[in-house]
**Student:** 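Here it is, the structure in full.
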Amino acid sequence: MSDLRDLYQEVILDHTKRPRNYGPLAGANRRAEGFNPLCGDRVRVLLEVNGDTVRDVRFEGTGCAISTASASLMTEAVKGRTVDEAEALFGNVHALLTASESSNSNELGPLEVLGGVRGYPMRVKCATLAWHTFRAALHEAAEPVTTE
Amino acid sequence: MSTVGGTRTARASAPALDIARIRKDFPILDRTVHGKPLSYLDNAATAQKPKAVIDAVSRYYSRHNANVHRALHELAVEATEAYEGARATVQRTLGAADPSEIVFVRGTTEAINLVAQSFVRPRMSPGDEVLVTEMEHHSNIVPWQILCEQTGGTLRVLPMDDRGELVLDELPNLLTPRTRLLSLVHISNALGTVNPVREITEVAHAAGVPVLVDGAQAVPHLPVDVRAIGCDFYAFSSHKAYGPTGIGALYGRAELLEEMPPYQGGGEMIRSVSFERTTYHDVPHKFEAGTPNVAGTVGLGAALEYLSALDPVALKNHEEDVFGYATRRVAEVPGVRLIGTAREKIAVVSFVLEGVHAHDVGTILDREGVAVRAGHHCAEPVMAHFGISATTRASFGLYNTREEADRLVDGLQRVIEIFR
């Protein structure tokens, strides 16, 4: 049985109250919007992609603690990565959030904290929203991302 | 506070409700959730069922199950009596003139769709109007949007104020010669507002506009008398009134139901069928195509009988006491803003907590065994009115207690601690 502390860990709460890389991005050349219609979480991800590197990243939006923390952690994790590395990271985080048992995810480092969301199936979409939106920004999808 | 019949009920000398005994009637209430006792405060979403309802459904399938109406054998006779007996129970509960004015449907949503397609659609020309209110549940918005798309009609909206009360001064302006129906909610699921449906129906009728009332949240909490209200249609759902899911009822005035074309075609709603010509059954069977949810109606009848066996004054006093207590205690929590502060409210305490999203509130409350709902409650226009995306909603039923309200507030303190 999952303990609330698995979900609302110190790191998650820290990123909720003091989100990193929050705000506009002047040099953004890729962007995407994401929306969870079930609860109203909204996120916009702005990227500055140079060659094949994610040079800079910001996010904006309103949402629950999990969606905000996940977005904040995402921006720290992807900044400076190559596009391929960022894609791989998306895959690993997605597996972490949706796998039925814990997978070998040593390389995820600070993102490990998101694993606690697995015990709260109703909140998984809160955690994945920012990541799906980030991926959409990478590929500059025309339609806004939705969790449905 | 008045009942919808317009009479004031006396608070003074009613016997108190034996809440301990009543809670024992509901098997699920002794569950634990995450190791904590269950405090079920999500009754506006669905209500729990007394053993009498569970047993009635079980007994129907064990002893009386058959298809209804046309067969000659004993079980079919018993099943038909059970089904039509439930219809008579609904008729008595709503105060309708005749059982033929009660149509069984899947729930309030289907009832509204039925009225939209069978009553309003034949009367709609391009440019005609349907009037709803700003506080409606999506089930009383989307069917009208679909209808307007189909017919070239316009959907108009009676606004509400920041207390969550309808701006009744606007009503005469919105009842125009092109208005084909006013459809409004009796008690708002998101705000708890009780609308003065009798007075509103009078105004609408004076303007020649028929009225449909969504009673989904009302039947569990108020005595309803459709003839006193005067409305043309009244809809409710069994599962919110302590009955099974998958069944509800639409009351319609006999002369309207008589002239309405069928909603769905199929068996049971016909008199005779050939490829040249098919004739339809009388009301209400004309609107009940296919084998009905007979077990559901049996459960619904048992639920309504359970409710009617309780002393109505004691029940009302108990619900008002717990609801008033919960509202006061929640309002005192630092950072809480109540959403929906109408002068007449029942059962629903919706709120936002500063700095914490409703989803987080709901998740943490769940871990304390407190079941509430967090989200837009299928009332996005209500959320938009208050500039928010979601509220946390605690909604009370007949078996809830002050103790459960205390657990709700303790849970909110826990939320504040975590997010401090």
Side-chain angles (χ1 to χ4, degrees), chain A residues 1-19 22 33-44 59-73 97 113-130 144 146-148, chain B residues 31-36 38 42 45 138 141-142 190 335 339 350 352-393 407 410-420:
Chain A
M1 203 184 299
S2 305
D3 195 297
L4 256 185
R5 287 167 295 189
D6 294 338
L7 185 63
Y8 293 106
Q9 297 175 45
E10 276 309 312
V11 176
I12 298 267
L13 291 172
D14 182 39
H15 278 264
T16 302
K17 295 172 198 168
R18 276 173 295 280
Y22 188 90
E33 303 256 345
F35 180 51
N36 181 344
L38 293 184
C39 69
D41 288 341
R42 281 187 185 280
V43 69
R44 181 183 309 118
F59 81 99
E60 294 177 308
T62 55
C64 65
I66 303 306
S67 73
T68 304
S70 183
S72 174
L73 286 161
L97 287 169
V113 299
L114 291 174
V117 180
R118 264 208 310 275
Y120 296 77
M122 300 304 288
R123 306 301 302 279
V124 168
K125 282 182 174 172
C126 304
T128 58
L129 179 63
T146 167
T147 55
E148 295 311 291
Chain B
R31 261 210 59 165
T32 58
V33 166
H34 308 303
K36 306 274 167 63
L38 169 67
D42 196 18
H138 296 165
I141 299 174
V142 181
I339 303 293
S350 249
V352 291
L353 180 59
E354 193 185 328
V356 189
H357 193 279
H359 264 209
D360 297 304
V361 176
T363 298
I364 295 167
L365 286 176
D366 170 54
R367 292 285 135 170
E368 300 299 311
V370 178
V372 296
R373 191 148 291 254
H376 55 55
H377 314 295
C378 295
E380 287 193 65
V382 171
M383 299 297 121
H385 178 104
F386 291 99
I388 54 186
S389 59
T391 72
T392 306
R393 180 190 71 184
R407 291 200 206 117
D410 290 345
L412 292 178
Q413 301 294 358
R414 183 113 170 71
V415 173
I416 291 170
E417 275 162 28
I418 289 176
F419 279 85
R420 189 180 304 288

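Each chain gets a letter, A, B and so on, in the order its sequence line appears, and its residues count up from 1. Remember, predicted model here, so these are calculated numbers, not experimental data.
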**Student:** Look only at the side chain of A:S72 and the backbone of A:T68, and say whether a donor-acceptor pair between them is shorter than 3.5 Å.
**Tutor:** no
**Student:** For the side chain of A:S67 and the backbone of A:C64, is there at least one donor-acceptor N/O pair under 3.5 Å apart?
**Tutor:** yes
**Student:** So, B:H377 versus B:T391: side-chain donor-acceptor pair below 3.5 Å or not?
**Tutor:** yes
**Student:** Quick check on A:R42 against chain B: is it the side chain, the backbone, both or neither that has a heavy atom closer than 4.5 Å?
**Tutor:** neither
**Student:** Heavy-atom distance under 4.5 Å to chain A: side chain of B:R420, backbone, both or neither?
**Tutor:** backbone
**Student:** What part of A:L7 is in contact with chain B, defined as an atom under 4.5 angstrom from a non-hydrogen atom: side chain, backbone, both or neither?
**Tutor:** side chain
**Student:** Could you tell me whether a side-chain N or O of B:H138 sits under 3.5 Å from a main-chain N or O of B:E380, the two making a donor and an acceptor?
**Tutor:** yes
